[in-house]
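Here the structure is laid out as structure tokens; the discussion comes afterwards.
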Amino acid sequence: MDITRAITQLNGPESRPVFLLLHGWGSNEYDLPDLLRYCAPNADYASLRAPIAYGMGYTWFGTWAHEGVPEGDSLDEQARAAGDAVNRWVAANIPQARDVIPMGFSQGGLLAAHLLRLDPKRYKAAVSFSGWLAPGPVEPGDGELKQLRPPVFYGHGGADTIFPQSDVKAMGAFWADHGTLTEKVYAGMEHSISMPEMRDVAAFLQGIGAAVAPMW
């Protein structure tokens, strides 16, 4: 599995982070860059296309239990394979001196946080929109995270029925224990991203020195 397509904007100095954008099930690399206008204006980014064709778009996982959602050992194995592919792309295309912040939605939201588990020292923070947790342990990364405790934003809708509540709680509990977690639940929101969430992400990124205030 390899990443073969991406759109990038990498014009800034090394002091600026690169946002690594990871789309959801059945989408593509053009889905997320516009979000940065609302939370990290003029940011540098790399938006990756998932490597598996699906319908009119692409997917990070090739098999699932329902609606793009693998479970159990299958999820652990596919998250590892996709994360390793992303890590190889990052190593080949983003200078080691630059901070990288994964940001993703749904499948991409899982991967955005999972990358911190696979390589804790490479990633500064993560933003997970409506993601969930690969349940198995990742070593030695999970142990390293308890020492590093990177900032993680986890936002999800109160009316999102894609995942069981147990999966959502597991995601929050893991990152409360392994990172510095900002978790937000948006009442009435389904499997989506809202403007209140973007405002919260903007505040989160400003708080960790990764973005300037957007012009609302």
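Here, residue 1 is the first one in the sequence, and each next residue gets the next number.
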Arg98/Asp44 ion pair, N-O < 4.0 Å: yes
Aromatic ring proximity Trp60/His23, centre distance under 6.0 Å: yes
Pro51 side chain reached by Asp2 side chain, heavy atoms, under 4.5 Å: no
Centroid-centroid under 6.0 Å between His156 and Phe163 rings: no
Flag side-chain contact, heavy atom, 4.5 Å: Leu22 against Leu115: yes
Leu118 with Leu148, same ILVMFWY side-chain cluster at under 4.5 Å: no
Check: Thr59 side chain, Gly62 main-chain N or O, donor-acceptor pair, under 3.5 Å: no
Note, Arg122 side chain near Ile94 side chain (heavy atom, < 4.5 Å): yes
Closest non-hydrogen atom pair between Gly104 and Ala112, with its separation: N-CB, 3.7 Å
Centroid-centroid distance, Trp25 to Tyr54, less than 6.0 Å: yes
Ile162 side chain reached by Glu190 side chain, heavy atoms, under 4.5 Å: no
Gln78 CD to Glu71 CD distance, which is reported to the nearest 0.5 Å: 11.5 Å
Minimum heavy-atom distance Ala6-Leu48, with the two atoms named: CB-CD2, 3.6 Å
CA sep, side-chain torsions, deciding dist, call: Trp132, Gln107, side chain to side chain contact (heavy atoms under 4.5 Å, CB included): CA-CA 8 Å; Trp132 76 111; Gln107 286 186 354; 4.2 Å; yes
Verify same cluster id: Leu32, Ile52 (apolar side-chain graph, 4.5 Å): no
Any donor-acceptor pair under 3.5 Å from His178 side chain to Phe174 backbone: yes
Co-membership, hydrophobic cluster, residues Leu111 and Leu181, 4.5 Å side-chain: yes
Residues, nucleotides or ligands: over 12 heavy atoms within 6.0 Å of Asp177 CG: yes
Heavy-atom side-chain proximity of Leu20 to Ile101 below 4.5 angstrom: no
Nearest non-hydrogen partners of Leu116 and Tyr123, listed with the distance: CD1-CB, 3.7 Å
Val185 to Gly157 - nearest heavy-atom pair and separation: CG1-C, 4.4 Å
Stepwise side chain to side chain contact (heavy atoms under 4.5 Å, CB included) check, Asp167 with Leu133: CA-CA 7 Å; Asp167 289 1; Leu133 185 74; over 6 Å; no
Evaluation steps, side chain to side chain contact (heavy atoms under 4.5 Å, CB included), between Phe204 and Val127: CA-CA 9 Å; Phe204 169 80; Val127 176; 4.0 Å; yes
Common cluster, Met1/Tyr58, ILVMFWY with side-chain heavy-atom separation under 4.5 Å: no
Joint cluster assignment, Met195 & Leu205, ILVMFWY side-chain distance < 4.5 Å: yes
Donor-acceptor pair, side chain of Gln9 and main chain of Ala43, under 3.5 angstrom: yes
More than 12 heavy atoms of other groups within 6.0 Å of Glu139 CD: yes
Closest contact, heavy atoms only, Cys39 versus Val201: CB-CG1, 3.9 Å
Side-chain touch Lys169/Ser166, heavy atoms, less than 4.5 angstrom: no
Polar side-chain atom of Arg117 near backbone of Ala134 as donor-acceptor pair, under 3.5 Å: yes
Distance-minimising heavy-atom pair for Gln165 and Asp160: NE2-O, 4.4 Å
Donor-acceptor contact present, side-chain Arg5 to main-chain Asn28, <3.5 Å: no
Whether Ser106 side chain and Gly24 backbone form a donor-acceptor pair below 3.5 Å: no
Heavy-atom side-chain proximity of Glu183 to Phe153 below 4.5 angstrom: no
Interatomic spacing from CZ in Phe19 to OH in Tyr45 - rounded to 0.5 Å: 12.5 Å
Verdict with supporting geometry, Asn93 and Leu10, side chain to side chain contact (heavy atoms under 4.5 Å, CB included): CA-CA 10 Å; Asn93 293 277; Leu10 300 172; 5.9 Å; no
Lys/Arg-Asp/Glu bridge criterion (N-O < 4.0 Å) met for Glu144, Lys121: yes
Backbone of Ala202 reached by a side-chain donor or acceptor of Gln206 within 3.5 Å: yes
Within-4.5 Å side-chain heavy-atom neighbours: Phe61 and Leu75: yes
Exam field: side chain Ser47 to backbone Pro33, donor-acceptor pair closer than 3.5 Å: no
Short side-chain to backbone donor-acceptor contact, Tyr154 and Met171, under 3.5 Å: no
Side chains of Tyr186 and Asp200, donor plus acceptor under 3.5 Å: yes
